[in-house]
Amino acid sequence: MVSRSLPTFEHVNLQTAIEVWVGRPGRSVTLRGVVAPPHFGPVSLQQLVAAQGIPPIRLAAPPLVDLPNGPDSTLACLLSAVLLVEDARGRYVVMVTGPSEHNPGLAVEVAGLGVARAQSVLVELDALRRELNVYRGHVLDVSVSPMGGVVLAFAKPAHLHRDDVVLPDAVLTRIERHTLGIADHRDALLAAGQHLKRGLLLYGPPGTGKTHTMRYLLGRMTGYTRLVLTGQALHAIGSVADLARDLQPAVVVLEDVDLVAEDRSFGPGSSPVLFDLLDAMDGAAADADLLFILTTNRADLLEPALAARPGRVDVAVHIDLPDARARGTLFDLYARGITTDLSDTDREAIVQRTEGVTASFLKEFLRRAVLESIVEAAEDVEGAEPAAVTAAHANRALDDLLSDSQEVTRSLLGVGNDPTLLPPGGGAGALPPRRHRGFGWTAYAPFSGG
Ligand SMILES: Nc1ncnc2c1ncn2[C@@H]1O[C@H](COP(=O)(O)OP(=O)(O)OP(=O)(O)O)[C@@H](O)[C@H]1O
Ligand SMILES: [Mg+2]
C-alpha cells in the first residue's frame, strides 16, 4: 500500500490528472464509489484490503464534489472512489479520498503493485498535476481554512487602464519598470546574467492607491500566476511561495503586511510572520521569474527588518497624497460619466479645498455631490431626472464632508483632520495630527542594506 497525501487545493488538479491518465492508451479502468453510511469516518484502501474495522460500505456510483477549475468553470471531482486499473504494470487499485466532514485531507493510495511500481503511478499523477495545473496563469485569492490549510479561489483580474491610476508619471513608470519591464525583457535579462526575482514595496497613507496600483499591475501581468494574500492568509506564505515557484512566472502580493508583521506563527518564541515572509522571498532561486509586491501604510514598522536583511525588496515606492494636479486628474476621472455644470474656476476651487485628502475621499466626495443633485431634483419635482452637478452641489457635499461632525468619516476615508481644511466657521478644536505622513525615507530609493 503506497499512499500520498496532498493539500486540499490540489483536489481539482488531481481530478484533472486522473482524467487524462485514465484515458492513456493501454490502460483500462473501472470506477467505483465507496459509500459508507452517515457518521462513519473515511475508509482507506488499507482498511478495505485488510477488511478490518470497516463500516458497512457499498460500492456505488462515485460521489463527486464540484470544484472551480477556472474563474468561470467547475470540475466534478471524486470524493471517495476506487479505480480498478489494468495496464502494462498489471492489475491494481488506486483509491482517491477527498476532504469530507470527517476527514480534512486529500489522499491517493495504490495497492496491488510492488512498491516501486506503485510509486511510479504516483509519479505519473504528480507530473500530470504539475503539467495541467489549473491555477497556472490565473489570479488567485489565498485564504486559510479554520484547519490551517491553504484555500485558493479564482478571481478575475481588474481591467484597469493606465489612466485609471493617478500617480505622478515618474512614480508609475518606476513601478512599471520594476514589474512589467522585467517581465517584458526576461530573456534578455537572463542572457545578460541578471536575476529576475524582484520585490516591490508600495508604502504610503491609506486610500492613496496602493491596492489600486497593485490591481492595475496584476491586470497587466497576463500569463503570470497571481497569488494575493491579505490578513491571516499571510501566515501561509511558506506554502504559497512554494506554489508560486511551481507555477512561475508568478506574482505574490502581500497586502497590508504591517497588520501581521509582528504576529508569531506558532505562539511566542517562534519567528514573526515578517521573518517568514522574508525567508520565503529569499528561498526562491534568483533566476525564478517571481515578483513579490508588498503594500503597507506602516513602512516605519517594516524598514528595520527589511534593511537588516537586504536583497528581498529592491525597490520601495512612496505613494503619497495627491498633489493639486493629481487631485484635478482624480476629479476628472471620477467625474467621467457624470453630467456636471462646473466652470474651470469651480473645478479649481474644489482642487484647492481638497488639499491633503486622499483619492478615496475624492471618489466619495463626487458620489455625495451626485447624491445632492439627485435629492434636489427629487425635492422639486418627484421622480424628476437629476440635473447636472453644479458648484452648489459640490460645495454642499464638500462642506458636509469637511465639517466638524464628520471627523470620523474623514478618518475612515484616510484623511487626516487638518484644521486648515475645515470650512469657515467650523471650530477646529484640538484635532489630532494627520496620520501616516512622511516616513523619513527617500522616496523610490532602493534598499541599500544598512
Ligand atoms: N492613485 C489613485 N488613482 C486612482 N484612483 C485611486 C487612487 N488611489 C485610490 N484610488 C481610489 O480609491 C480607492 C481606495 O484606494 P486603495 O484601496 O488603493 O488605497 P490603499 O492605498 O490601498 O489604502 P490602504 O492603505 O488603506 O490599503 C481605490 O479603489 C480607487 O478607486
Ligand atoms: Mg490597500
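Counting starts at 1 for both ligands and their atoms, following the listed order. Owing to the predicted nature of the structure, the values given are computational and were not obtained by experimental measurement. Just so it is clear, the values below take in all heavy atoms, side chains as well, and ignore hydrogens, waters and symmetry mates.
- Taking the charged nitrogens against the carboxylate oxygens, Lys156 and Asp72 do have a contact shorter than 4.0 Å, which makes a salt bridge.
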N/O to N/O under 3.5 Å, ligand 1 against protein:
| residue | atom | partner | partner atom | Å |
| --- | --- | --- | --- | --- |
| ligand 1 | 1 (N) | Val166 | O | 2.8 |
| ligand 1 | 1 (N) | Thr208 | O | 3.3 |
| ligand 1 | 3 (N) | Val166 | N | 2.9 |
| ligand 1 | 5 (N) | His212 | NE2 | 3.4 |
| ligand 1 | 5 (N) | Tyr334 | OH | 2.7 |
| ligand 1 | 8 (N) | Thr208 | O | 3.0 |
| ligand 1 | 8 (N) | Gly209 | N | 3.1 |
| ligand 1 | 10 (N) | Tyr334 | OH | 3.3 |
| ligand 1 | 18 (O) | Thr211 | N | 3.3 |
| ligand 1 | 18 (O) | His212 | N | 2.8 |
| ligand 1 | 19 (O) | Gly209 | N | 3.4 |
| ligand 1 | 21 (O) | Thr208 | N | 3.2 |
| ligand 1 | 21 (O) | Gly209 | N | 3.0 |
| ligand 1 | 21 (O) | Lys210 | N | 2.8 |
| ligand 1 | 21 (O) | Lys210 | NZ | 2.8 |
| ligand 1 | 22 (O) | Thr211 | N | 2.9 |
| ligand 1 | 22 (O) | Thr211 | OG1 | 2.7 |
| ligand 1 | 23 (O) | Gly207 | N | 2.8 |
| ligand 1 | 25 (O) | Lys210 | NZ | 2.8 |
| ligand 1 | 25 (O) | Asn297 | ND2 | 2.8 |
| ligand 1 | 31 (O) | Lys363 | NZ | 2.9 |

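- Residues Ala288 and Leu196 come closest through the heavy atom pair O-CB, 3.6 Å.
- Between Glu364 and Arg368, at least one side-chain nitrogen of the basic residue sits less than 4.0 Å from a carboxylate oxygen of the acidic one, meeting the salt-bridge criterion.
- Arg245 and Asp242 are joined by a salt bridge, as a carboxylate oxygen and a charged side-chain nitrogen come within less than 4.0 angstrom of each other.
- Checked by atom type, the side-chain pair Asp164/His212 shows no donor-acceptor distance below 3.5 Å.
- Here 1 is the count of protein N, O or S atoms positioned under 2.8 Å from the Mg ion (ligand 2), waters not counted.
- The pair Arg347-Asp344 fails the salt-bridge criterion, with no side-chain N (NZ, NE, NH1 or NH2) lying under 4.0 Å from an Asp/Glu carboxylate O.
- Between Met221 and Leu180, the closest side-chain pair of non-hydrogen atoms falls below 4.5 Å.
- To the nearest 0.5 angstrom, Leu398 atom CG is 10.0 Å from Leu366 atom CG.
- Looking at heavy atoms from C-beta onward, Arg336 lies in side-chain contact with Leu333 at the 4.5 angstrom threshold.
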